[in-house]
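As the structure is a prediction and not an experimental result, all values here were calculated from the model.
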Amino acid sequence: MKGFDAIIVGAGPAGTTAAIKMAQKGLNVLIVERSSFPGEKNMFGGMLPYCPILELLIPDFINLAPLERFVTKRTLNIMDGNNIFTFTFESENFNLPPYNGYTLFRPNFDRWYADIAFKSGAKLITSCLVDELIVHDNKVVGIKAEQDEVRAPLILLCDGVLSPLSKKIGISKLPKPSEMGLGLKVLFKLDESILNERFNIVNKQGATQEFLGCTEGVRGGAFLYTQLETISVGLVFHLDSLKKSCLPPYEILQKFLSNPYMRKLLKGAKLIEYSAHLLPENGYKGIQKLYTNGLLIAGDAAGFCYTNGLNQEGMNLAITSGFLAAETAIEALNKGDFSIKTLKAYEERLKESFILKDMKTFNKMVEIMHNDRLYSVYPKIIGKIFEQIYKSDGKPKKSLGKTAWDVIKESISMKNFFYDILKGGKSVI
């Protein structure tokens, strides 16, 4: 097979972004994808935050991309059984381009995005599983897929959260269960006019919702995203907490969907799809080695995913890391040097970007999100407080402060409460 300047393993957002950037600069690039088409095996909650890289690579991105809705309404729900406390944020600024975020389907988006890479000059091979990397003189020089070998001076790994290829050559370790999450998603079909009325949105406006206290005490949360005529609903669990609970994840999901609040939102909707996927959950601490001689790692394979406590970021990090990897590859090709000395510029680019800055900023949130009380005790506290505040029973009411304090004292030890307040305060500051 003809030689290439670079080989990219994985046609997800990171790999395809890198391919587009390199192909636009005239590099001979090969993308190898294990699925029959890009995006076939992807499970994705449904929201792409605004990412300027996309408009830089594709000037008319908003009009060309298969986007579903632009998000104007964000809602946080804290659940305690059938009690629910809801906080909704809407902004007129989110109604104006460039929009703050979009809902989409990864199979549609990834396939379209890979076609952009192909039209830019990149080669794409699908239904091809890369078995191992070829290493010679302590340098990665190619890939093996079944009996075939393809060589290039630079390999870019974008092979997902487990990144088996980087494990095989010993530059990264398999994540522990405490460092991974399991995402479940179900897709419901609903008429567009009914969906708009139910979520109080118009035209291509979109709404998202996040949920806390809905996972039967397992560390995790839920999400809901509106597309044009569908609704994506799912749960994300910390893998170690799910294992410890011995609860089947599909049973937790079914109980969540049976909640009266969810039944109202999904009334008349038809279930059409179910999927599951592993996610990196260790934030900044989960980032392992990002490069070695002849090799760069981007996207989920590099551990680029984090939560700030309200929402999870991943796809925009993948796209940006793929772009920065491509810039480093172009520089290395111009120098004719693919050693660590040149490729370390990739990490410097990441440090200057929002990726590592944001992941470092929210690093302490990982510890907070591993506090079991956040998913069991505190949703119940909030539910009890507001139930008592709004309850009418003909009896004298306590002050708001007294009501809250009494509920807190009967629900949690003061030692744990003040420890959580102190720990949470430090992570937010």
Side-chain angles (χ1 to χ4, degrees), residues 4-33 38 51-54 56-58 110 113-114 116-117 120-124 130 133 139-143 152-161 163 165-166 169 171-172 280 286-306 313-359:
F4 293 92
D5 296 317
I7 299 172
I8 300 169
V9 181
T16 301
T17 299
I20 293 172
K21 173 66 176 177
M22 286 190 274
Q24 287 177 346
K25 289 295 183 178
L27 273 66
N28 192 16
V29 182
L30 172 66
I31 315 172
V32 182
E33 168 58 38
C51 187
I53 295 297
L54 291 168
L56 182 64
L57 292 175
I58 309 168
D110 286 16
Y113 202 35
I116 296 293
S120 299
K123 312 297 187 300
L124 173 65
V130 177
L133 299 173
K139 178 184 177 183
V140 180
V141 296
I143 61 171
L154 181 73
I155 309 298
L156 174 59
L157 288 187
C158 305
D159 54 340
V161 58
S163 189
L165 294 174
S166 65
I169 63 172
I171 68 169
S172 64
I287 299 174
Q288 299 191 50
K289 195 170 182 181
L290 299 172
Y291 58 91
T292 190
N293 294 310
L295 180 75
L296 296 172
I297 306 177
D300 279 0
F304 293 147
C305 183
Y306 73 87
E313 301 285 355
M315 192 170 176
N316 52 337
L317 307 187
I319 290 168
T320 304
S321 66
F323 183 86
L324 299 179
E327 287 191 323
T328 306
I330 294 167
E331 179 183 328
L333 184 70
N334 290 335
K335 290 182 176 181
D337 180 8
F338 299 90
S339 68
I340 288 176
K341 180 180 178 181
T342 296
L343 298 186
K344 69 179 181 180
Y346 174 51
E347 188 169 20
E348 296 304 314
R349 286 182 167 95
L350 288 167
K351 287 178 180 178
E352 293 172 2
S353 74
F354 73 92
I355 297 178
L356 292 189
K357 289 179 180 178
D358 283 357
M359 292 189 72

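With contacts defined as side-chain heavy-atom distances shorter than 4.5 Å, the pair Tyr346/Ser321 qualifies. Residues Ile297 and Ile171 have side chains in contact (heavy-atom distance under 4.5 Å, counting atoms from C-beta outward). The shortest distance between side-chain heavy atoms of Leu157 and Leu296 does not fall below 4.5 Å.
Between the Gln288 side chain and the Ser172 main chain, no donor and acceptor come within less than 3.5 Å of each other. Side-chain atoms of Asn293 come within 3.5 Å of backbone N or O of Ile340 as a donor-acceptor pair. A donor-acceptor pair under 3.5 Å is formed between the side chain of Ser166 and the backbone N or O of Ser163.
Minimum heavy-atom separation, Ile319 to Cys51: CG2-SG, 3.7 Å. Taking all atoms of both residues into account, the shortest heavy-atom contact from Gly142 to Ile155 is CA-CD1, 3.9 Å. Minimum interatomic distance between Gly294 and Leu343 (heavy atoms only, all atoms of both residues): N-CD1, 3.6 Å. Heavy atoms only, all atoms of each residue included: Ala122 and Ala19 are closest at CB-CB, 4.2 Å. The shortest non-hydrogen separation linking Leu317 to Ile355 is O-CD1, 3.6 Å. For the residue pair Thr328 and Thr342, the shortest heavy atom distance occurs at CG2-O, 4.2 Å.
With sequence neighbours excluded, no residue forms a side chain to side chain donor-acceptor pair (under 3.5 Å) with Ser353. For Tyr291, the ring-ring contact (aromatic ring centres under 6.0 Å, His included) criterion is met by no residue, not counting sequence neighbours. Annotation: side chain to side chain contact (heavy atoms under 4.5 Å, CB included) contacts of Ala18 (sequence neighbours excluded): Ile8, Met22, Leu156, Ala326. Annotation: side chain to side chain contact (heavy atoms under 4.5 Å, CB included) contacts of Ile116 (sequence neighbours excluded): Ile20, Ile58, Trp112, Ser120. Applying the side chain to side chain donor-acceptor pair (under 3.5 Å) test to Asp300 and every residue at least two apart in sequence or in another chain returns nothing. In terms of the side chain to side chain donor-acceptor pair (under 3.5 Å) criterion, residue partners of Glu313 (sequence neighbours excluded) are, by chain and number, Asn311, Asn316. Partners of Lys123 according to the side chain to side chain donor-acceptor pair (under 3.5 Å) rule, which considers only residues two or more places apart in sequence or in another chain, are Asn28. Residues passing the side chain to side chain contact (heavy atoms under 4.5 Å, CB included) test with Ala318, sequence neighbours excluded: Pro13, Ala14. In this view, Lys351 and Glu347, Glu348, Leu356 satisfy the side chain to side chain contact (heavy atoms under 4.5 Å, CB included) rule, not counting sequence neighbours.
Counting heavy atoms of neighbouring residues, nucleotides and ligands inside a 6.0 Å radius, atom NZ of Lys25 does not exceed 12 of them.
Applying the side-chain hydrogen bond (donor to acceptor under 3.5 Å, both in side chains) rule to pairs touching residues 10-23 yields Thr17-Tyr113, sequence neighbours excluded. Applying the salt bridge (charged side-chain N to carboxylate O under 4.0 Å, His left out) test to every pair with at least one member in residues 321-332, sequence neighbours left out, gives these pairs: Glu327-Arg349, Glu331-Lys335, Glu331-Arg349.
Atom-to-atom distance recorded for Phe304:CZ and Cys158:SG is 10.0 Å, nearest 0.5 angstrom. Expressed to the nearest 0.5 Å, how far CZ of Phe4 lies from CD1 of Ile143 amounts to 9.0 Å. Here the straight-line distance linking atom CG of Leu165 with atom CG of Leu133 works out to 4.5 Å at 0.5 Å rounding. The CD1 atom of Ile330 sits 8.5 Å away from the CG atom of Leu333 when rounded to the nearest 0.5 Å. Here OG1 of Thr292 is found 14.5 Å from CZ of Phe338. Values are rounded to the nearest 0.5 Å. Note: Leu124 CG to Ile31 CD1 = 5.5 Å, rounded to the nearest 0.5 Å.
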